[in-house]
Protein chains: 2
Amino acid sequence: MASLQEVARRAKVSIATVSRVLNHSDKVVPDTRAAVEQALRELDYRPSRVARRLRMNSGHAHLVGLIIPDIQNPFYAEIARGVEDAAYAAKYALLLCNSDESPEKERFYLDVMRDESVDGIVLPPFDETDVAVIEFLKTGIPVVCVDRSLSKAKTDLVEVDNYRGALDAMAHLIAKGHKHIGLIEGRAQVSTSRERRRGYLDALAENGLAVRKDLMRAGDFKQESGRVLANELLDLRKPPTALFVCNNLMTVGALSAIHQRGRRVPQDVAVVGFDDLPWAEVLDPPPTVVRQPAYDVGRQAMELLLKRIIEPARPPVTVRLLPELVVRRST
Amino acid sequence: MASLQEVARRAKVSIATVSRVLNHSDKVVPDTRAAVEQALRELDYRPSRVARRLRMNSGHAHLVGLIIPDIQNPFYAEIARGVEDAAYAAKYALLLCNSDESPEKERFYLDVMRDESVDGIVLPPFDETDVAVIEFLKTGIPVVCVDRSLSKAKTDLVEVDNYRGALDAMAHLIAKGHKHIGLIEGRAQVSTSRERRRGYLDALAENGLAVRKDLMRAGDFKQESGRVLANELLDLRKPPTALFVCNNLMTVGALSAIHQRGRRVPQDVAVVGFDDLPWAEVLDPPPTVVRQPAYDVGRQAMELLLKRIIEPARPPVTVRLLPELVVRRST
DNA sequence: TTGTACGCGTTATCAC
DNA sequence: GTGATAACGCGTACAA
């Protein structure tokens with residue numbers, strides 16, 4: 001744990017000189033430079049990121065935060081991976097936190113980010129009006145939203161065309177002849193939910209299909225709610241012949257509910273999910289899904305963040321990526 | 001971003017007094033305390049974790065590191081979740097990094113941990129002789145190993161009884177009448193691989209079954225290697241009738257290879273995996289696995305770490321958790 | 001080209 | 001009880 005002081009002493013120079021050979025490699029004569037470098041090596045010197053961060057105003061921490069709702073959700077894990085890869089490529093470290101879809105945890109970690117003086121953060125806001133995030137913007141620390149957007153603030157944003165994805169999913173189901181399609185959506189206040197629901201409704205309307213309110217259920221993005229809501233739907237007097245399930249975990253829940261009832265997919269009920277599932281090929285059945293390019297979402301978000309750290313005043317940009325319908329055997 | 005200075009000025013006291021009302025709530029008369037607290041509120045003061053960390057020697061960062069090989073692997077995601085929950089409960093933030101089973105990335109993040117002066121780290125070492133981790137121990141920053149152990153250093157450790165797990169898996173297969181059991185293991189230098197292989201061999205020996213070297217293959221813990229090695233084994237002149245696959249991702253790879261060849265599980269080949277798989281009930285077939293209590297591994301590791309942070313000199317302890325054979329329909 | 005000295009925001013040790 | 005003040009390790013004007 002050698003400090004600049006000790007290195008300077010050993011090299012018989014001042015700390016300023018040591019600092020100079022470390023940073024702006026300018027103006028230092030080869031001789032002293034060599035001496036300093038040797039001392040550096042001998043003491044195995046490593047600069048303290050903490051002291052550096054305290055000294056520099058901001059944008060030099062080489063540390064960014066990522067707050068995701070659930071690290072065990074493969075969709076977010078993939079985003080995290082994209083962010084991580086881009087961060088690592090730029091030699092940035094990542095303060096990764098798990099908000100558990102809980103505003104309190106989100107707020108706690110947002111505070112940590114601020115108190116740690118990170119260079120920026122990326123996160124999917126809890127919902128469209130996430131006050132904790134809005135509040136955080138005041139710190140001036142750059143924020144890039146991913147997946148979900150904020151309604152009353154403009155930040156950099158990387159999202160997927162959820163409306164288009166829902167349209168594709170519904171078109172596919174309708175082409176298969178389904179007229180009664182159940183919707184299992186997520187929390188209504190989340191931008192992705194709103195867009196997917198809009199796609200569901202528009203697809204119905206454009207194809208002259210009636211909207212049945214009893215076929216529309218809202219869950220919480222978790223597996224259990226997919227199970228429960230699928231059961232509710234299938235218990236209906238006039239059950240749907242197909243399900244459009246708006247995220248990966250709820251799709252698994254729905255699938256397992258259908259299995260448990262001894263019904264067959266897709267013969268008895270067809271299912272289209274949102275988000276691809278890992279190991280889709282060994283699922284029973286391999287599910288048809290709207291695949292989101294989650295890795296790219298993360299990667300591009302991090303790249304946007306790096307640009308903004310360098311140039312804080314640049315106008316916010318929105319990157320909208322295209323989802324892709326992957327037809328497998330659940331439809 | 002108000003500092004102690006500004007709060008002090010506003011409350012017309014010294015920074016020492018402000019610091020006192022914040023920390024040791026001792027010795028400060030109600031009047032001044034009230035004034036300070038009001039200033040604190042008005043300025044929305046938040047202490048800088050960075051400055052605090054620079055000042056305090058160690059053990060007060062309220063920040064710990066977690067380095068895992070692959071955040072997209074559900075086993076590690078579950079460990080991470082356990083660590084995270086225990087950390088959050090103690091109001092610690094987590095610097096979570098993804099080493100990608102790469103020694104260089106591991107070293108980079110280890111350096112970050114050191115340079116950030118974290119209070120401690122938890123990680124599964126790359127292998128038994130992981131030099132980067134051994135080196136890191138010299139910093140004096142507490143290290144808790146999870147899942148995998150170090151052969152030439154004693155640290156706190158939370159592991160699973162891998163030998164017992166392998167024994168159970170093999171006993172199950174042997175009871176089903178299998179005599180030619182293929183082994184797909186991970187990198188040999190990893191403690192978990194060694195133990196599982198030992199279980200495999202001992203089970204064979206104890207049941208008077210011959211060891212066939214051609215039935216033993218080593219992969220890299222990733223899905224692709226499971227696929228490739230399963231194919232190699234099934235291509236054998238005398239292929240195994242059952243597979244013992246030593247981690248989750250390789251199990252998925254093996255399963256998909258078998259599917260692709262049009263063979264049935266378990267009729268043509270039985271499969272036991274190590275590590276449970278999420279959504280096992282919707283897999284085809286639901287796999288029989290040796291389930292590791294990954295969440296508890298993470299939780300207990302973090303609890304061990306917290307204890308060590310408080311009491312750095314306590315003797316290292318090893319916690320060994322029991323795995324559980326979950327019999328489903330792949331055997 | 002190199003060295004001195006200050007400040008970043010804390011905590012802690014002294015005096016008063 | 002409270003207030004100066006000295007660190008912690010670093011970057012950088014400014015002086016030499």
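Chain identifiers are assigned alphabetically (A, B, ...) following the order of the sequence lines, protein sequences preceding nucleic acid strands; residue numbering begins at 1 within each chain. What you are looking at is a predicted structure, and each value in this text was computed from that prediction instead of being measured.
- A cation-pi geometry, defined here as NZ or CZ lying under 6.0 Å from the six-membered ring centre and within 45° of its normal, holds between B/R148 and B/F221.
- Among the atoms of the strands shown, none is found under 4.0 Å from any heavy atom of B/N57.
- As a whole-Å value, the separation of B/R46 CZ from C/dG9 C1' is 15 Å.
- Ionic pairing of B/R107 and B/D111 is not present here: no N-O contact between side-chain nitrogen and carboxylate oxygen is shorter than 4.0 angstrom.
- Electrostatic pairing of A/E135 and A/R114 does not count as a salt bridge here, judged by no charged N lying under 4.0 Å from a carboxylate O.
- Read 5' to 3', the first and last nucleotides of DNA chain D with an atom closer than 4.0 Å to a heavy atom of chain A are D/dG9 to D/dT12.
- At whole-Å resolution of the value, CG in B/L4 and C1' in C/dC8 are 12 Å apart.
- Applying the 3.5 Å distance criterion, the base of C/dG3 shares a donor-acceptor pair with the side chain of A/R20.
- In this structure, B/K91 forms a cation-pi arrangement with B/Y88, its terminal cationic atom sitting closer than 6.0 Å to the ring centre and no more than 45° off the ring axis.
- Atom CE of B/M1 and atom P of C/dG7 are 22 Å apart (whole Å).
- Rounded to whole Å, atom C1' of C/dG9 lies 14 Å from atom CZ of A/R114.
- Using a cutoff of 4.0 Å between basic side-chain nitrogens and carboxylate oxygens, A/R41 and A/E37 are not scored as salt-bridged.
- In terms of phosphate contacts, A/T17 brings a side-chain nitrogen or oxygen within less than 4.0 Å of OP1 or OP2 of C/dG3.
- At the heavy-atom level, B/R33 lies nowhere under 4.0 Å from the strands shown.
- Atom P of nucleotide C/dA12 and atom NE2 of B/H60 are separated by 8 Å, given to the nearest angstrom.
- Atom CG in B/L40 sits roughly 10 Å away from atom P in C/dT10 (whole-Å rounding).
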Quiz: residues 2-13 of chain A side-chain donor-acceptor pairs under 3.5 angstrom, not counting sequence neighbours:
unit_1: A/S3; atom_1: OG; unit_2: A/Q5; atom_2: N; d: 3.3
unit_1: A/E6; atom_1: OE2; unit_2: A/S3; atom_2: N; d: 3.3
unit_1: A/R10; atom_1: NH1; unit_2: A/E42; atom_2: OE1; d: 2.2

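- Side chains of A/D85 and A/Y295: a donor on one and an acceptor on the other come within 3.5 Å.
- Position along DNA chain D of the nearest nucleotide to B/M56 versus B/S14 favours B/S14 as the more 5'-ward residue.
- Across all strands, B/V13 comes closer than 4.0 Å only to sugar-phosphate atoms, never to a base (heavy-atom distances).
- Residue A/T32 has a polar side-chain atom (N or O) positioned under 4.0 Å from OP1 or OP2 of C/dT2.
- Atom C1' of nucleotide C/dA5 and atom CD of A/Q5 are separated by 12 Å, given to the nearest angstrom.
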